[in-house]
2 protein chains.
Amino acid sequence: METHLLRTFVAVASSGSFSAAAADLDYTQSAVSQHIAALESSLGTALLTRRPVAPTPAGERLLEHAGAILLRIEAARADVRRVVGEPPGEIVFATTPLAAATRVARALTQLRQTRPGLAVTFEVARRDEVARGVASGAYHLGLVDGIAAPSDPLRLPDVGLLRTSAVAQEGLAVVVPADHPIAGRKRLGLAALVDARWIDAPAVSAPLDDLRAAVETDSLRAALGYAGADVRTLLELVAAGHGLAVLPASVSVPAGVAKVPVGSPRLVHRVELLHGQLDSAAASALAELLDEG
Amino acid sequence: METHLLRTFVAVASSGSFSAAAADLDYTQSAVSQHIAALESSLGTALLTRRPVAPTPAGERLLEHAGAILLRIEAARADVRRVVGEPPGEIVFATTPLAAATRVARALTQLRQTRPGLAVTFEVARRDEVARGVASGAYHLGLVDGIAAPSDPLRLPDVGLLRTSAVAQEGLAVVVPADHPIAGRKRLGLAALVDARWIDAPAVSAPLDDLRAAVETDSLRAALGYAGADVRTLLELVAAGHGLAVLPASVSVPAGVAKVPVGSPRLVHRVELLHGQLDSAAASALAELLDEG
DNA sequence: TCAGCTTACGCCGAGCGTAAATATG
DNA sequence: CATATTTACGCTCGGCGTAAGCTGA
């Protein structure tokens, strides 16, 4: 199974067309057809239906692996380059929206100010994009957040070798309208709220999927999805009674909404710093900054 | 980065010789040399020193990825075959030594008796070998054990897509000589024992590495390593005072040794069943058996 | 009918082996 | 000097493009 065949297969499956994939990859349509034929004959089974072009069950299985394999190959290249190449003059730094709000991010902002010679670029992306980007070398550093049991690592998409060098964690809070019956309570078990109306705002709050996994229930149902990345908007949605949301306990909330710390189950909002191999200078600079934090 | 180049690279690095790798892979020594040269030029850096043949720093980084990539490719093939191929007439079943001792394993032994038409082969291997073997299709089912926080999954080596379909978990116990000061105690915090002399018997007890990760300390030091796979021998080593060991709480111990349940930190000995994609018949048969268990 | 995939076919170069050259301990 | 890797060189075949063929909406 040669890598160029996998690459073509992924391109065809994702575009749904041999000719489109050919254009993407700078092959002729004929070459793409031959690639797919070679893969299919090497595996002894059809991988795609034609007209319409869609993966067969076997193709679906392969697809699940192919992306990961190609990504891992990119990660390998990036990792080797990090050992050999010049240290970059600019650091590209990706974070998930909530992670950026923590003291860790602030520390890195300091880095940018105290070392004006070193350009630092921030970029906000989804969690798996951050992980992929760091693995493949597109980003030098990544900051991701999520919900986990205390001192447990986050479950990141399988992306190869990623190192976690620093974390911050804090409790969770449920954000409710100020006039909600539970608004005055000091602590709260999530179990009491399984039937509540939730807002799923994966970009900006704890993704409901994380919560479901942690609570081990399917009953957290989203009444509303919010795809945006602005916390204030989310809080206004909560204030307007569209549903509840789970956020890190330290979030500051405006009038109109109240936050109630989550007491059980024991869960934390956790932030992890992702990186590939760092040279010792970069590593110690970071460690220093994160200590001050 | 073509797969055959990676394969050659891994073979050369692991054998420490171009000519040996060539013999392994049925190439000429010249072809191997060209493969390495191609990889090195494609990555723009030396990967191996010659005389002696050993990975450079960049080579080490690549090596860390290369094995995983090749394994994942095997896993992809195996996964596709599982969808397409005939269901196997024989089931090859691999377990880690301790996992085999659980009720789950007993249930699967029943399977073998109640369905004499279906041959079942047991094989005992190390945890990562089981995971690798299941991923690559060498084994149909795998049973692995390890230590984790309650209801946490085991941390398996990165091996691609593995499904976990059933688990058993139980507490841990420290096994000590009968005349040991703590032998009479009802519960025990591991922290009290960090300075004790431990026996590291990765094949047969909880690997110390798991414990270290769970306790988040480096101070668990092994006074003795036992590479064998026989629990009784390990217990005799404990009785003779060579050190302590951590085992699942249900292990039955002979006279001369005592077991003390571990109360904190909260950890469990956990058994997971690993498999690739199962057809629905196999899956339901298994589920049934494991429920009875 | 025709858009889009497959097949036929010829050409080029990647990659293999043989064998000579080179390097190192 | 012996052993092991590299380089030179020729050949074969894998894999690409062009173009003709096929097929289902």
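Order of the sequence lines sets the chain letters (A, B, ...), proteins ahead of strands, with each chain counted from 1. Bear in mind that the values here come from a model prediction, so they are computed numbers and not experimental data. Atom set for the values below is all heavy atoms of this structure, side chains included, hydrogens, waters and symmetry mates excluded.
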Can you tell me the distance, in whole Å, between the [atom1] atom of [X] and the [atom2] atom of [N]?
{"X": "B/Leu39", "N": "C/dA14", "atom1": "CG", "atom2": "P", "value": "16 Å"}
{"X": "A/Glu2", "N": "D/dG15", "atom1": "CD", "atom2": "P", "value": "8 Å"}
{"X": "B/Gln29", "N": "D/dT7", "atom1": "CD", "atom2": "P", "value": "13 Å"}
{"X": "A/His35", "N": "C/dC5", "atom1": "NE2", "atom2": "P", "value": "15 Å"}
{"X": "A/Ile36", "N": "C/dT7", "atom1": "CD1", "atom2": "C1'", "value": "16 Å"}
{"X": "B/Leu48", "N": "C/dT24", "atom1": "CG", "atom2": "P", "value": "16 Å"}
{"X": "B/Gln34", "N": "D/dA8", "atom1": "CD", "atom2": "P", "value": "11 Å"}
{"X": "A/Glu40", "N": "C/dC5", "atom1": "CD", "atom2": "P", "value": "13 Å"}

Taking side chain as C-beta onward, heavy atoms only, is A/Ile73 less than 4.5 Å from A/Thr3?
yes
Are B/Leu62 and B/Leu47 packed together at the side-chain level, in the sense that at least one heavy-atom pair is separated by less than 4.5 angstrom?
yes
Applying a 4.0 Å non-hydrogen cut-off, can you work out what A/Val53 is touching in the nucleic acid: base, sugar-phosphate, or nothing?
sugar-phosphate
Run the side chain to side chain contact (heavy atoms under 4.5 Å, CB included) test on A/His35 and A/Tyr27 for me, step by step, so that the C-alpha distance in whole Å, both residues' side-chain angles and the decisive distance to 0.1 Å come before the verdict.
CA-CA 10 Å; A/His35 282 184; A/Tyr27 283 122; 3.5 Å; yes
I'd like to know if [X] reaches the base of [N] with its side chain such that a donor and an acceptor end up less than 3.5 angstrom apart.
{"X": "B/Ser30", "N": "D/dT5", "result": "no"}
{"X": "B/Ser33", "N": "D/dT7", "result": "no"}
{"X": "A/Arg51", "N": "D/dA25", "result": "no"}
{"X": "B/Thr28", "N": "C/dT18", "result": "no"}

Toward the 5' end of DNA chain C, by each residue's nearest nucleotide, A/Ser19 or B/Ala38
A/Ser19
Any donor-acceptor N/O pair, B/Thr49 side chain to B/Pro52 backbone, under 3.5 Å
yes
B/Phe18, nearest nucleotide to its side chain (from C/dC5, D/dT5, D/dG17):
D/dT5
Would you say B/Arg72 and A/His65 are linked by a side-chain donor-acceptor pair, where the criterion is simply a distance under 3.5 Å?
yes
